[in-house]
*Asks:* 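Quick one: this structure, given as structure tokens, is what I'll be asking you about.
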Amino acid sequence: MEALEYFFRQLSISDLAVVLFFIGLYGAMTQRSIIKTIMSIGIMDVAAITFFMMSNFEQGARSPVTGTPPEQMADPVPQALMITAIVIGVSVVAMCLAMYMRVVFRYGTADWNILIRRLED
Amino acid sequence: MENLLVPLHMLVLLPVGIGALTFFLPRKAYQAVMLLGSLFVTAAAVQLFITVRWGSEIIQFVAGWPEVVAIKLVADGISAPLVLLAAVFFTSAYIFSTRAGHMDKTFVFLFLMLESALFGIFLSGDLFNIYVVMELSMITIAILIMYKQEKQSVYDAMLYILMNFIAMAFMVMGIAYMYRLTGVLDLMVIEQRLAELPDPRAAVLPYSMIFTAVAVKAAMLPLFSWLPRAHGAPSAPSIVSAVLSGIQVKAGVYLLVRLSIVFSPVIDAQMLFLVLGFLTSVAGFLLAIAQKDIKLILAYHTISQVGLIIMGLNLGSDVAFWGGMYHIINHALFKGLLFLTAGVIIDTYGVRSVKEIRGVFRSMPVIGIAALAGVLGITGAPFFNGSISKYFIQEGIQGNWAEAGLYLINFGTILSFVKYSTILFGSPPRHLQKPRKDPFITVISLAFGAAIFSGGIFGSQAVSLVFGPQYSAAGAMGIEKISIFAATLALGVLVYRYGVLRIEGVLSGVRNFKYNFNQITVLISLFFVLLLGYSYITMG
Amino acid sequence: MRILISALIALSLFVLSTVISHQYFHYQEPVLYQYVTEHYEEDCGTTNAVTAVLLNYRMYDTMFEVLILLTAIIGMKQFLPAPHELKDITKRRNLENK
Amino acid sequence: MKHENDLPEQSLILEVVIGFLYPFMLLLGFFIIVNGHHTPGGGFQGGSVLAALFIARYVIFPYNTMDSEKMHAFQRIFLALILLTPMLLLFTGFITRNPEFRSVYLLIMNILIGLQVGLELGVAILRFAFFEGVGKTWKL
């Protein structure tokens, strides 16, 4: 029990992001309808972005603006990279939703299996 | 370094710049400006290749910032030939379809953006930059394969984008672990820092996350179900399928090579990728035999050839490595030619299935000859470039189980292309209207056919010209190789006549079997577990 | 049954990756972080380091990202046709079916 | 001016409140864009606030009058500029050589990216909104 208790005390916020990542993966594995698959992959993407943001995290680090001494600054590099990653995530989700609307209006269903059957005829 | 016609970042952004600027020109002028622009880009790529091939490799820090901070663009022995191949391929595909109907401004803009995304992948030396450029190429392809509005099957594009979206989420997670571990984003600096790691097991997790994403991009065994429908989609114009199968899959393979060099001080998974390459190749040609639609035969066959390339690259011997790289160039040539000619055949015949198209030789002699050159090239007929690269890969194997595997793959390739080439012979249907004489199509297809043929004749000189090391390919033209090819060809025709035509029921079952999306995600996670376990254990 | 298997896979993946990342993690010297925090003022003249990284040090990434934004919009125009675009699509489809 | 795929008439309160807030949204958007080098990322946040303008305009006047073709053409102009200015100024080392142009360069880049993102999200939302009716009638 002691090892388990030690293990849990070690868990930090970034492990929470890893949990969210695999919940998204679980969602992508089990969801029947297309819109929920898009949502769960969106969750995976957001979890990966949160995990990246938490790197080089120290307690009490201040925002990287002039005036704070360089050692106390929070790491600006992940923040800048994640602005790019978030915008990419937004564009891809927008593309998926556009395709989702097209699929629903054309085949009349949002379920993966019914869609595959309707594709054949 | 200074005598470069165009600095590296300019070369990457030039195609998009041309596309964006010519958007405001009137319709008549923009076609000529596009042609001039792509010729200029090809000239810059040729000049870059010459300086890298005979000079030293070029490393350029964007905007002159110091080594740690700036994004580094690297043009070395592996990436410069691929940049040249991409530039020549895009220009010839662009010339090939000057008369085609769908060449409006948005299509050409997306086409040039795909070209600059490919340049970005080949030249980039920064981990996060590779992710951003892979994302750009993914979205551009999703639109290009759906470009013909009327015959739109949205399911293929949806499957393509969602699978690659999962792969990209894995990639961001891998880069996050990488940044936490090494604190730097540059590939070369990461390589040095990985060597200093006290315990190499720390790099197992980022390794398997990044390589799952790269495996989806390079269409490895369980994860290739997006590729045939994306490349062979009915709504994809033929030059898009040609470019995708010719160059885009190679970007995935190139990333596999580049990132395995970065991770080489810590993890060596060559045996795993050798086995996976072999299995991918076998699965590829088995599925290719089952298809009816000629574009799907070619698309499934791309998977088998990519598996062969991955096998060649991961054999560990230098001959096989440069054989694999030469096969990347050969495959771009003959698969691109086959897709271009297939597009023209489908337009004139109006039918896509192998059974109904007959007599391409009589109705379109030039397209028939070019397609025949492509088929001979891909099956590795002697005096054609396929045989040279396969000969080099075979030299690298020498006697372990993979040599028998190579014969099986060759036999599968011949079998699937015996099925494909039935469209060439026989007599064309009466009502077939004469295809309009298009000089561009004939010029480009004959040029590709000549390149395939000359690549075979001067094989070893071509390898030493493009990559450097000089290997003698005399054996490839030897009597022994010709007899083996003739025997396999005869066996292939026999097996096709009596075997494949018999088991039509099995084939149609294989053809209509589709994974639904949940099973594909389970396959991706299982691939991730396989990679994680394998690299953890072999770390030892 | 299907849900149980995928739940099992997801759980085992999570446990595997957290155990491996906690057991073997080792922080190397974050050189990039130190360089940016010390030099971003005289290099880029901004008061905010994030803008410095985004617009000066890694401007190459931001250019590609703006391209992605534009491609998403072109994709939007392709997949969600406006009424006037639909007229010529159906016209072409009828032409083809004839 | 009834269009075949418009929404029912909007409530008066909504129109008055959004009409009043419209200029302040515009002001806030440009404020975030302009001093981008104080706040992180400048262009992107400001652009998304500008996109809220298009949604507000759509909520008040739900007719498909805004020509997304023209907005898309503006977007391409901004894209060409965004590609050109860093290539001419930053990558040639002009900025690092004479530092007095740095804040001007940042200002230009922030404004360009802000307008680009604002137009982009606006066009995306309008596309989604006006496709609703179209998809049903045309049975794509």
*Asks:* Dump the intermediate steps for side-chain hydrogen bond (donor to acceptor under 3.5 Å, both in side chains) on B:Tyr300 and B:Asp293, then the final yes or no.
*Replies:* CA-CA 11 Å; B:Tyr300 272 104; B:Asp293 177 339; over 6 Å; no

*Asks:* So which part of B:Ile175 gets closer than 4.5 Å to some heavy atom of chain A, the side chain, the backbone, both or neither?
*Replies:*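 For B:Ile175, backbone and side chain are both near chain A.
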
*Asks:* Identify which part of A:Val46 has an atom lying under 4.5 Å from any heavy atom of chain B, answering side chain, backbone, both or neither.
*Replies:*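 Neither part, no heavy atoms under 4.5 Å.
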
*Asks:* Kindly check if the number of other-residue, nucleotide or ligand heavy atoms within 6.0 Å of CD1 (A:Ile13) is above 12?
*Replies:*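 Not buried by this count: 12 neighbours or fewer within 6.0 Å.
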
*Asks:* Non-hydrogen atoms of chain A under 4.5 Å away: do they reach the side chain of B:Tyr131, the backbone, both or neither?
*Replies:*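 When you check distances to chain A, only side chain atoms of B:Tyr131 fall under 4.5 Å.
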
*Asks:* Side chain, backbone, both or neither: which part of A:Asp45 has a non-hydrogen atom closer than 4.5 Å to chain B?
*Replies:*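 Both backbone and side chain of A:Asp45 come within 4.5 Å of chain B.
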
*Asks:* Highest number of heavy-atom pairs under 4.5 Å with chain B: which of A:Gly89, A:Ala47, A:Ser40, A:Pro78?
*Replies:*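 Top count of heavy-atom pairs under 4.5 Å with chain B: A:Pro78.
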
*Asks:* Here's one to test your reading of the geometry: is the NZ or CZ of B:Arg201 within 45 degrees of the ring axis of B:Tyr536 and under 6.0 Å from its centre?
*Replies:*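 Positive - B:Arg201 is close enough to the ring of B:Tyr536 and near enough to its axis.
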
*Asks:* Using non-hydrogen atoms and a 4.5 Å limit, figure out which bit of A:Met53 sits close to chain B: side chain, backbone, both or neither.
*Replies:*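 Neither part.
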
*Asks:* Given heavy-atom pairs under 4.5 angstrom as the criterion, report whether the side chain, backbone, both or neither of B:Ile161 touches chain A.
*Replies:*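 Side chain only.
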
*Asks:* Is A:Phe51 in contact with chain B via its backbone, its side chain, both, or neither, using a 4.5 Å heavy-atom distance?
*Replies:*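 Its backbone and side chain both get close to chain B.
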
*Asks:* Would you mind checking which part of A:Thr84 comes under 4.5 Å of any heavy atom in chain B, side chain (CB onward), backbone (N, CA, C, O), both or neither?
*Replies:*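 Looking at A:Thr84, just its side chain touches chain B.
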
*Asks:* Going through the checks in order, is the ring-ring contact (aromatic ring centres under 6.0 Å, His included) test met by B:Phe170 and A:Phe21?
*Replies:* CA-CA 9 Å; B:Phe170 268 97; A:Phe21 182 82; 5.3 Å; yes

*Asks:* Less than 3.5 Å apart, any donor N or O on the side chain of A:Thr37 or A:Trp112 sitting next to an acceptor on the other?
*Replies:*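 Yes, a side-chain donor-acceptor pair sits under 3.5 Å.
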
*Asks:* For chain B, which candidate among A:Ile49, A:Ile38, A:Ile88 shows the most heavy-atom pairs at distances under 4.5 Å?
*Replies:*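 So the answer, after comparing A:Ile49, A:Ile38, A:Ile88, is A:Ile88.
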
*Asks:* Centroid-to-centroid, B:Phe211 to B:Tyr207, below 6.0 Å?
*Replies:*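 Yes: the rings meet the under 6.0 Å criterion.
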
*Asks:* Which heavy-atom pair separates B:Ala236 from B:Lys295 by the least distance, and what is that distance?
*Replies:*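 Looking at all heavy atoms of both residues, the closest pair is O-NZ, 3.2 Å.
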
*Asks:* Which region of B:Phe128, side chain (C-beta onward) or backbone (N, CA, C, O), has a non-hydrogen atom less than 4.5 Å from a non-hydrogen atom of chain A, or is it both or neither?
*Replies:*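 For B:Phe128, the side chain is the part near chain A, not the backbone.
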
*Asks:* Quick check on A:Leu81 against chain B: is it the side chain, the backbone, both or neither that has a heavy atom closer than 4.5 Å?
*Replies:*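 Backbone plus side chain of A:Leu81, per the 4.5 Å heavy-atom cut-off to chain B.
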
*Asks:* With a 4.5 angstrom heavy-atom cut-off, is it the side chain or the backbone of B:Met138 that approaches chain A, or both, or neither?
*Replies:*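 Only the side chain of B:Met138 comes within 4.5 Å of chain A.
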
*Asks:* Closest heavy-atom contact between B:Met173 and A:Val18?
*Replies:*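 Distance-wise, the nearest heavy atoms are CE-CG2, 3.8 Å.
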
*Asks:* Using modelled atom types and a 3.5 Å cut-off, is there a donor and acceptor pairing between side-chain atoms of B:Ser235 and backbone atoms of B:Ile145?
*Replies:*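 At least one qualifying donor-acceptor pair exists.
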
*Asks:* Hey, which of A:Gly42, A:Ala17, A:Ala28, A:Ser91 has the most heavy atom pairs under 4.5 Å with chain B?
*Replies:*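 When all of A:Gly42, A:Ala17, A:Ala28, A:Ser91 are compared, A:Ala28 has the most.
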
